[in-house]
Structures are given as C-alpha cells and as structure tokens.
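Values below: all heavy atoms of this structure, side chains included; hydrogens, waters and symmetry mates excluded. Each ligand, and each atom within it, is numbered from 1 in the order the structure gives. Note that the numbering runs from 1 along the sequence shown for the chain.
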Amino acid sequence: MPENNAYIIETHNLNFCFNGKGMILKDINLKVERGSIYGFLGPNGAGKTTTIRILLGLLRDTKKSVRLFNKNLSENRIEVYSKTGALIEQPSLYEHISGYDNLEITRKIRNIKKERLVETLELVRLSSAAHKKVKEYSLGMKQRLGIANALIAEPELLILDEPVNGLDPNGMAEMRELLRRINRELNTTIFLSSHLLGEIEKIVTHVGIINMGEMLFQGTIEELINVETNSAEEVIIKMNNNKKAAQLLENFNVYECEDGLKIMIHSKQQVPQIIKALIENNIDVYEVINEGKNLKKLFLKMTENYIVS
Ligand SMILES: Nc1ncnc2c1ncn2[C@@H]1O[C@H](COP(=O)(O)OP(=O)(O)OP(=O)(O)O)[C@@H](O)[C@H]1O
C-alpha cells in the first residue's frame with residue numbers, strides 16, 4: 001500500500017442518505033491510487049452514481065469525509081475540480097453543431113490553447129469525424145466526444161459513470177482502448193463505475209465492489225480473483241446459547257446476528273465439527289443455514305450475461 005498522500009481519492013466512512021430516508025451509503029472507504037484505473041463495481045442501485053455525485057460535489061457530504069488530491073473536498077473545491085474531469089450519465093453535447101465546435105466552446109470558456117483541441121480530438125480518434133454534426137455520431141462517438149470535453153483541460157483525474165454502458169461490442173472495445181491510452185499516455189488516474197465486471201476487468205488495475213451501499217471488497221484485480229476463489233463461506237447456526245458458543249468457537253471468525261451466530265468456514269467439513277463441539281458442550285442446535293459466499297454470489301451476478309467482445 002502506498003503512503004497516505006499517494007491516494008488521489010480517499011473517503012473516510014462516507015455515509016449518505018436522501019432527506020433522512022434509509023442509508024444509501026454506509027461507511028465507504030475508497031482508496032484510489034494515483035496512476036491507477038479503478039473500477040467501481042456493483043449491481044444496479046448499489047450506490048455507485050450516488051458516490052460519484054458526492055465526489056463531484058453534486059450531492060453534499062456534510063461530514064467532510066471526502067479527500068481529493070489529499071485535500072479536504074469541501075474546503076478546496078476550486079483547486080481540486082480544476083484538476084478533475086468527469087462524465088456522468090449522458091454527455092451534454094450540442095447535437096446540431098460539429099464535434100469540433102462542441103470542443104471549441106469548452107476550449108474558449110476554459111481558455112485553453114488551440115493545439116490542445118486538435119490533440120484531444122486525435123486522442124479520442126475523432127479527427128476524421130470532427131466536422132460532422134454530433135447528431136450524426138454513434139453513441140460510442142458521442143461518449144468519446146464527452147470524454148474529450150472532460151479531457152481538454154488535461155485533468156489529472158478522470159471520473160466516469162458507466163462509460164461503456166449501452167455501447168455495442170465494438171464501441172466498448174474502442175472505449176476500453178481509449179481509457180487505457182489516456183491512462184498510459186497522459187498519466188491520468190481514472191475512476192470509472194460499471195455494473196459488469198467483464199466489461200472492465202481487462203483494463204482496470206484496482207477494483208472496489210459495492211453492494212447495497214456497502215463496500216465488500218477493495219484491492220487489485222489479482223487480489224479479487226484470489227478472494228473470489230478462496231473466500232470463506234458463511235453459516236448461520238440457530239441455538240440456545242450464542243455467548244457460550246462464541247467462546248467455544250474462538251478460533252473461528254464468529255459474530256452474532258439477528259438469526260443466531262454467523263460463522264465463517266473454509267470448508268464444508270468444518271460444519272459437522274462445529275455442530276459436534278456445540279452438542280458436546282450441551283448447546284442445543286436448532287438450525288444450520290448456509291449463507292454461501294456473499295462475494296461469490298455478487299461476483300456471479302456481475303459476470304452474468306456478459307458477451308466477450
Ligand atoms: N434522488 C434520489 N432520491 C432518493 N433515492 C435515490 C435518489 N437517487 C438514487 N436513489 C437511490 O439510491 C440507491 C443507490 O442508487 P445509485 O443510482 O447510486 O446506484 P447505482 O449503483 O449507480 O445504480 P445504477 O447503475 O442503477 O444507477 C438506489 O436505491 C436508488 O433508488
């Protein structure tokens with residue numbers, strides 16, 4: 001793990017709810033290393049867009065839990081956003097004018113030199129379509145123009161919400177190639193969300209997995225694969241004496257839950273051993289529920305229906 005100041009995005013127990021309703025984000029601790037391509041993964045409704053909106057200041061984080069560029073976001077907005085480019089949901093483009101003119105508007109507003117516009121169009125491979133009207137662009141071209149808009153000011157950090165969603169296999173492949181190129185050639189850190197692991201696993205260096213507002217995993221892709229294959233399963237045992245059982249099973253990772261005692265096991269053979277130990281110690285066992293692998297279930301959900309392109 002790098003020194004603290006190597007993180008370009010960092011959140012400390014970030015919580016969020018809409019107007020006092022249920023918690024949407026629960027203690028999210030993002031750690032995004034400078035220079036990485038970080039995939040923020042989770043099924044629909046997990047809380048990815050909400051997190052991104054908070055990172056971009058579109059939703060308020062009242063607890064000041066977000067740091068960008070090692071600076072507290074709420075006190076350094078102008079500075080950190082001058083180094084950040086973003087694309088969330090559909091890019092906001094003027095359809096009736098060309099891609100070139102769209103970028104020209106941004107260039108003028110942000111007072112950027114002209115050469116940068118040409119370079120950026122080249123980078124996103126839109127030079128030959130630069131003078132076509134945007135309404136004639138494919139979805140993939142529009143997405144790439146949106147990224148060009150975010151890139152023209154040479155940000156150090158690019159935040160993208162579902163950049164490959166809705167693209168055809170060709171468009172997806174082009175987008176992945178573009179993101180890799182931006183990261184490699186411009187040394188831009190990229191934070192992108194997706195609900196399908198397969199869409200982004202080939203380009204990301206790190207992943208964070210979120211489900212129902214909770215982070216289930218954060219690490220490198222290699223670490224994820226390791227966890228996914230070796231991860232523990234959970235069993236819940238309903239019994240008459242949780243406290244005594246927890247002491248008895250102190251060598252296991254055990255915690256009390258609503259239904260009984262939740263125990264992490266590494267092989268199915270451990271279940272009869274645990275039950276035998278409980279019975280030998282006069283604890284009545286009522287029910288054993290196999291919870292399976294939480295991460296594995298989620299992993300499968302995020303990889304289902306994926307067509308390799
Ligand atoms: N404006 C809002 N008011 C109330 N609840 C909201 C609002 N926006 C989102 N939510 C809820 O917050 C939760 C997280 O939504 P969010 O859009 O962050 O998920 P997501 O992971 O980005 O999923 P998706 O890919 O479907 O957008 C969902 O339960 C959603 O219904």
Option passing side chain to side chain contact (heavy atoms under 4.5 Å, CB included) with Q143 (candidates L167, V124, N165, L178):
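For Q143, the side chain to side chain contact (heavy atoms under 4.5 Å, CB included) check succeeds only for L167.
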Under 4.0 angstrom from atom 26 (O) of ligand 1, is there any protein heavy atom?
yes
Does atom 30 (C) of ligand 1 have any protein heavy atom closer than 4.0 Å?
no
Closer than 3.5 angstrom, by distance alone: can the side chain of R116 be matched with the main-chain N or O of L151 as a donor-acceptor pair?
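At least one qualifying donor-acceptor pair exists.
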Hey, does the side chain of D284 reach the backbone of M239 with a donor-acceptor pair shorter than 3.5 angstrom?
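No.
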Using 30° and 60° as the class boundaries, would you call the ring planes of F40 and F191 parallel, tilted or perpendicular?
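F40 vs F191 ring planes: tilted.
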Give the residue and atom name of whichever protein heavy atom lies nearest to atom 1 (N) of ligand 1, and the separation in Å to one decimal.
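Of every protein heavy atom, F18 CE2, 3.6 Å lies nearest to atom 1 (N) of ligand 1.
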of all protein heavy atoms, closest to atom 17 (O) of ligand 1 is T49 CB, 3.6 Å
Test the K31-Y7 pair against the cation-pi criterion, namely NZ or CZ under 6.0 angstrom from the six-membered ring centroid and within 45° of the ring axis.
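Satisfied, under 6.0 Å and within 45°.
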With a 4.5 Å heavy-atom cut-off, do I105 and I109 have their side chains touching?
yes
Does the residue G42 have a heavy-atom contact with ligand 1, meaning some pair of atoms that are separated by less than 4.0 Å?
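G42: no contact with ligand 1 (<4.0 Å).
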Just to check, does E162 reach to within less than 4.0 Å of ligand 1 when the distance is taken from its heavy atoms?
yes
Mark up the atoms of ligand 1 that fall under 4.0 Å of a heavy atom belonging to T50, in ascending order.
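Per the distance check, 14 (C), 15 (O), 16 (P), 18 (O).
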Counting only nitrogen or oxygen atoms and a 3.5 angstrom limit, does I24 reach ligand 1?
no
Contact (N/O only, under 3.5 Å) between G47 and ligand 1:
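Yes, G47 has an N/O under 3.5 Å of an N/O on ligand 1.
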Test: K71 and E79 ion pair at under 4.0 Å:
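Yes, K71 and E79 are salt-bridged.
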Run down the list P43, G45, C17 and name the one with the heavy atom closest to atom 23 (O) of ligand 1.
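The nearest heavy atom belongs to G45.
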